[in-house]
2 protein chains.
Amino acid sequence: MADAPLTPDRILEAAEDALRRFGPAKANVVDVARALNVSHGSVYRHFPSKAALRGAVAERWLARLAEPLAEIAAERGPAQPRLRRWLDALCDAKQSRARDEPELFTTYYQLALEADEVVRAHVNALAVQLGEIIADGVGRGDFTVADPFRTGRAVFDATSRFHNPAHLAEWNDPEIKTDFEGVWLLILSGLGVPR
Amino acid sequence: MADAPLTPDRILEAAEDALRRFGPAKANVVDVARALNVSHGSVYRHFPSKAALRGAVAERWLARLAEPLAEIAAERGPAQPRLRRWLDALCDAKQSRARDEPELFTTYYQLALEADEVVRAHVNALAVQLGEIIADGVGRGDFTVADPFRTGRAVFDATSRFHNPAHLAEWNDPEIKTDFEGVWLLILSGLGVPR
């Protein structure tokens with residue numbers, strides 16, 4: 001292991017492992033270096049600061065969460081069920097992880113809160129995917145919307161309660177699915193889908 | 001002061017004062033009793049537990065925030081500008097207090113997080129007010145919506161990012177107003193207002 005080249009990926013894996021074991025408050029670069037059997041200077045050659053390393057871990061987590069979404073956005077066929085699948089996949093990726101691995105979820109969420117720019121890029125990329133689905137839906141005659149990309153952002157924002165971990169405590173609410181259906185109907189109507 | 005009758009209101013004022021001075025982690029019933037020059041048993045006669053007292057403080061805070069909203073909901077006239085005034089008033093009540101008195105806002109928010117039932121009742125009351133505005137709008141021919149009260153709840157949820165203190169950290173984002181306008185346009189369209 002110690003002889004394998006020290007790549008950013010290996011460092012990130014060791015960092016995730018340290019975070020799982022010690023939690024976000026205690027895990028540090030020394031733990032990561034020790035696990036990799038390298039000096040902490042070697043880690044800093046790849047990530048110039050602890051904040052940069054934590055930001056990169058948050059970025060990888062968000063990328064994993066978002067992976068299935070880009071595929072759904074790129075599918076073809078009727079836009080309405082695709083939009084729904086995309087939103088379900090996003091909400092489920094967040095809610096199921098929060099339920100199944102609450103400590104780990106909170107750890108990653110804490111890291112994301114510290115990494116403004118990383119989160120902003122993630123949110124923008126997702127809003128653009130929504131814009132693409134909506135633009136495609138307008139082209140197919142499924143939706144009637146003046147500005148698909150602005151609407152994509154609005155759909156992302158309007159569904160925050162169901163995918164933004166700031167609302168973690170509400171995800172156990174027995175009404176959460178009913179509430180989502182209400183917002184979904186409002187969005188469909190907002191996209192010009194006849195009632 | 002010590003001779004004035006010990007009313008729930010006087011206890012709540014003393015409790016708010018103690019919270020301002022000592023913060024939510026440290027303020028306790030003994031501080032409240034001392035400020036009122038009564039025994040803590042006297043306080044417990046009105047509020048059976050520290051949690052009940054803190055919940056009542058949260059309830060009063062939410063009631064103050066919501067006060068202007070019921071008036072707007074009860075106004076007459078075109079429903080679209082009324083709906084907008086109502087949403088603006090809610091978002092402004094939260095965002096301006098968070099900006100102007102950040103510590104106090106965080107204190108009250110912390111109390112609200114501990115008082116599930118109080119928050120649920122507050123949210124339900126606000127969603128009903130939205131439902132009333134929308135129902136009135138349907139009656140006036142301003143909106144076209146199948147179920148005004150379900151839609152009211154959906155409008156409340158869809159605007160969470162702009163009024164739920166869970167999103168406090170995002171309220172300084174320079175794009176927050178632009179994002180709100182995007183969601184507002186989506187909602188109007190969802191209410192059947194022609195573009």
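Side chains included, hydrogens not; waters and symmetry mates left out as well; all remaining heavy atoms used. Nothing here was measured: the structure is a model prediction, and the numbers come from that model. Just so it is clear: chains get the letters A, B, ... in the order the sequence lines come, proteins before strands, and each one is counted from 1.
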Check against salt bridge (charged side-chain N to carboxylate O under 4.0 Å, His left out), E67(A) and R64(A): CA-CA 5 Å; E67(A) 215 168 340; R64(A) 274 200 301 269; over 6 Å; no

Contacts table for residues 127-134 of chain B: side-chain donor-acceptor under 3.5 angstrom, sequence neighbours left out:
residue	atom	partner	partner atom	Å
Q129(B)	OE1	A70(B)	N	3.3
Q129(B)	OE1	W86(B)	NE1	2.9

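For D116(A), no part sits under 4.5 Å from any heavy atom of chain B, backbone or side chain. Using a 4.5 Å cut-off between heavy atoms, N164(A) contacts chain B through its side chain alone, with no backbone atom that close. There is no contact between E175(A) and chain B, counting heavy-atom distances below 4.5 Å. Using a 4.5 Å cut-off between heavy atoms, V193(A) does not touch chain B at all. Proximity to chain B (any heavy atom under 4.5 Å) is shown, for F180(A), by neither the backbone nor the side chain. Only the side chain of L185(A) comes within contact range of chain B, with at least one heavy atom under 4.5 Å from a heavy atom of that chain.
In terms of heavy-atom pairs under 4.5 Å with chain A, the best-connected choice from L186(B), T159(B), V155(B), V145(B) is L186(B). The residue among T151(A), D147(A), D179(A) with the most heavy atom pairs within less than 4.5 Å of chain B is D179(A). Most heavy-atom pairs under 4.5 Å with chain A, from the set T178(B), L168(B), D157(B): that is D157(B). For the options L188(A), L191(A), T144(A), I187(A), heavy-atom pairs under 4.5 Å to chain B are most numerous at T144(A).
Salt bridge status for D31(B) with R21(B): absent, with no side-chain N to carboxylate O gap under 4.0 Å. Between D173(A) and R120(B) a salt bridge is recorded (basic side-chain N to carboxylate O distance below 4.0 Å). The pair E13(B)-R20(B) does not meet the salt-bridge criterion, since no charged nitrogen lies less than 4.0 angstrom from a carboxylate oxygen.
Linking Ile, Leu, Val, Met, Phe, Trp and Tyr residues whenever their side-chain heavy atoms come within less than 4.5 Å places L87(B) and W171(B) in a single cluster.
Under the rule for a ring-ring contact (aromatic ring centres under 6.0 Å, His included), the partners of F105(B) that lie at least two apart in sequence or sit in another chain are W61(B).
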